[in-house]
Amino acid sequence: MTEEPLAELPAAAPDPSVDETSPPARSRFRTALERGEFVVTLEAVPAASPGGRGVDSLLQDAQDLAADDRVHAMSLTDNPGGGHAIMPVELAQEIQSAGLDCIVHFTCKDLTRNGAISRSYALERMGLRNILALTGDYPKEGYWGLSKPSFDLDAVTLVKLLRDMNEGLVDVDPRKGTLAPPCDFFVGACVSPFKFTEAEQMTQYYKLHRKLNAGARFIISQLGYDMRKVQELKQYVDLHGIDVPVIGNVYVLNAGVARTMNKNQVPGADVPDALLSYFETFPKGKEGRPRFLEHAAKMFAIVRGLGYQGVHLGGFGLKVAEVKEVIERADDLQPSWQDHLREMVYPIEPKERQFYYFETDPATGLNTATPVDRKKLPNPAGGAQLQYRAMSALHGAFFQPNTPGFRLAQRACHVADGNRLLKSTVHWVEKLSKEVTVDCRECGDCALPHLAYLCPDSACPKNLRNGACGGSFRGKCEVYPDRDCVYVRAYNRLKAVGREEELRDGPVVTRDWELHRQPSWLTYFLGRDHMHVDVPDAWKPKPSEE
């Protein structure tokens, strides 16, 4: 018997209730911010295991908070401190299924850019679109020893990547030029106003501008306890016309965590000596807990009174009942928030060296509306200026497009590129000269002009090309505390010649790993690196004929 071919099934009738062209539903957290409403978010740290009491309690907290309309989202960290824990993506999906919005922390320290795109696809697929883009802490531990850090992207380039994915500008197959469908991420970023020196603080603010220009839609401050600095961030945002929601960080401390932060054992977190001394007057153990909650409630009231659009609550072992207690107590304290602001100024010692962006109001000890004259502040750049001026002069003579020296060098590199011996000679001359002057690592995609002629690959353990991370302490590097942060050094060099705002207004700097170990002089002058200088048409590779 011959079988009849199966008849083609009729297409299912479209469901009139489903609009295929409508955008995905916006989260409650995002909707509230876009409407200008005040929001409360709770930061939670996933456990270092796939299950157990830590995971169960976190999910139970999410269910309890889902019924409280005062809390808009739970924010899940991504391996804080450089350790390892369950990824926030999986837990976030369960939390949103329980009825509470999630903000997924997305750090760069464990992913290549392809890995970041892959994770982004997964987030979009699962409807996890509230993202906090972070550079991440440097790894401190790992299986079989220290884990290799992977800072292929930083917070600025990650924000830009997610914005490009929203606009449908990311290739699915670069060879065919096909693009992925647009996503709908709501991307936020962090900034710390709690830095000690002028250079350290200004590079934080400059990087904030870079994040905003790259596409950040909301800002969450890093944690700190000097309320004058909390006031400063809001004033800075208003002064510069930054029109995005800013959420203030309120972290409920206990005595042990306060001592840990005071010793610089949590990257980017700073508890001043004066505040630690105050905390040590609290009763020990459970008897002192109400005092810490009261302190957090005062901070909450201050943040709201200053005009922030939300509070980002956190704390080691913070319980849902305590979250509600802080919110309720802050409501009681709200009418007197200005009094608490004046009493909670905790400068870093020695306080006479503490940098504030605005002048001091002698009557209150807070900020006036007048920025300090930073030109009158001392600059510790010192003898480094000689090297900077020499390299700046060299750059202007030979590396600045449309100058005679540039055209001469570009032609010489074109000739060398076609000759193996000449190309090798250029490579070795560059290698020797730049190893001596800047400890060059032969990236082939040089970023020296963007960082006051300091090498981000050799001078920064995170290889950051778009601004300082938030982990510095008193101007020192998060990873190597005996060294100044490279962006502190760059700021001081540039300030001495009135060009420090280049760190704020410069382009988003990327790196093409295909150029690794190639002579960067050739890749620059022949338009192959991230600078993309113009190259004469006659020098460009001809398309292959089929």
Side-chain angles (χ1 to χ4, degrees), residues 108 112-114 116 150-154 156-158 160-161 164 169-171 174-175 210 213-214 391-392 394-403 405-420 422-435 437-460 462-467 486-487 490 502-503 505-543:
C108 303
T112 65
R113 63 196 72 179
N114 284 344
S150 178
F151 291 97
D152 194 19
L153 296 175
D154 57 39
V156 174
T157 47
L158 177 59
K160 185 179 186 302
L161 168 65
D164 288 349
L169 298 178
V170 174
D171 291 325
R175 295 168 297 179
R210 284 175 170 261
N213 291 337
M391 296 192 74
S392 181
L394 183 66
H395 182 88
F398 292 99
F399 291 84
Q400 190 65 37
N402 301 318
T403 61
F406 174 88
R407 289 191 289 269
L408 176 64
Q410 189 178 46
R411 182 172 293 277
C413 285
H414 171 62
V415 172
D417 192 48
N419 183 289
R420 181 179 297 180
L422 290 177
K423 185 175 182 178
S424 179
T425 301
V426 170
H427 188 179
W428 279 102
V429 170
E430 178 185 359
K431 175 180 171 65
L432 293 173
S433 62
K434 290 169 71 174
E435 274 190 356
T437 55
V438 296
D439 193 17
C440 174
R441 299 300 168 88
E442 295 185 273
C443 70
D445 199 346
C446 189
L448 288 176
H450 306 299
L451 194 53
Y453 306 106
L454 295 166
C455 175
D457 282 8
S458 61
C460 175
K462 297 182 181 180
N463 312 135
L464 300 184
R465 296 183 169 217
N466 293 286
V486 67
Y487 278 90
E502 290 179 8
L503 295 174
D505 301 327
V508 175
V509 187
T510 57
R511 175 179 178 178
D512 185 351
W513 277 88
E514 188 175 3
L515 305 178
H516 187 57
R517 297 291 186 184
Q518 294 190 34
S520 66
W521 290 348
L522 264 62
T523 62
Y524 171 72
F525 284 112
L526 300 182
R528 298 169 186 165
D529 70 357
H530 72 277
M531 299 289 283
H532 301 302
V533 299
D534 290 334
V535 178
D537 290 338
W539 297 359
K540 295 177 182 177
K542 299 297 188 294

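Values below: every heavy atom of this structure, side chains too, minus hydrogens, waters and symmetry copies.
The backbone N or O of D529 sits nowhere less than 3.5 Å from a side-chain atom of T523 that would complete a donor-acceptor pair.
Expressed to the nearest 0.5 Å, how far OH of Y487 lies from CG of L451 amounts to 4.5 Å. Rounding to the nearest 0.5 angstrom, the gap separating the CD atom in Q518 from the CG atom in L526 is 10.5 Å. Interatomic distance, C413 SG to L522 CG, rounded to the nearest 0.5 Å: 4.5 Å. A distance of 11.5 Å separates CG of L503 from NE2 of H450, quoted to the nearest 0.5 Å. Atoms CD and OG1, from Q410 and T403 in turn, are 10.0 Å apart once rounded to the nearest 0.5 Å. One finds the CZ atom of R113 at 6.0 Å from the CG atom of L153 (value rounded to the nearest 0.5 Å).
With a 4.5 Å cut-off on side-chain heavy atoms, V429 and W521 count as touching. A 4.5 Å side-chain heavy-atom check between C455 and D439 finds every atom pair outside the cut-off. Between R465 and C443 the shortest side-chain heavy-atom distance falls below 4.5 Å. No side-chain heavy atom of R528 sits less than 4.5 Å from a side-chain heavy atom of E514. With a 4.5 Å cut-off on side-chain heavy atoms, R511 and D457 count as touching. Side-chain contact between T437 and Y453 is absent, with no heavy-atom pair separated by less than 4.5 Å. Side-chain atoms of H530 and V509, non-hydrogen and from C-beta on, do get closer than 4.5 Å to each other. W539 is listed as a side-chain neighbour of R411, based on a closest heavy-atom distance under 4.5 Å.
With hydrogens and angles left out, the side-chain atoms of K434 and S520 include a donor and acceptor closer than 3.5 Å.
Ring geometry, F406 versus Y524: the interplanar angle exceeds 60°, so the pair is classed perpendicular (tilted spans 30 to 60°). Classified by interplanar angle (parallel below 30°, tilted 30° to 60°, perpendicular above 60°), the ring pair F399/H395 is parallel.
Counting non-hydrogen atoms of neighbouring residues, nucleotides and ligands closer than 6.0 angstrom, the CG atom of D505 exceeds 12 such neighbours.
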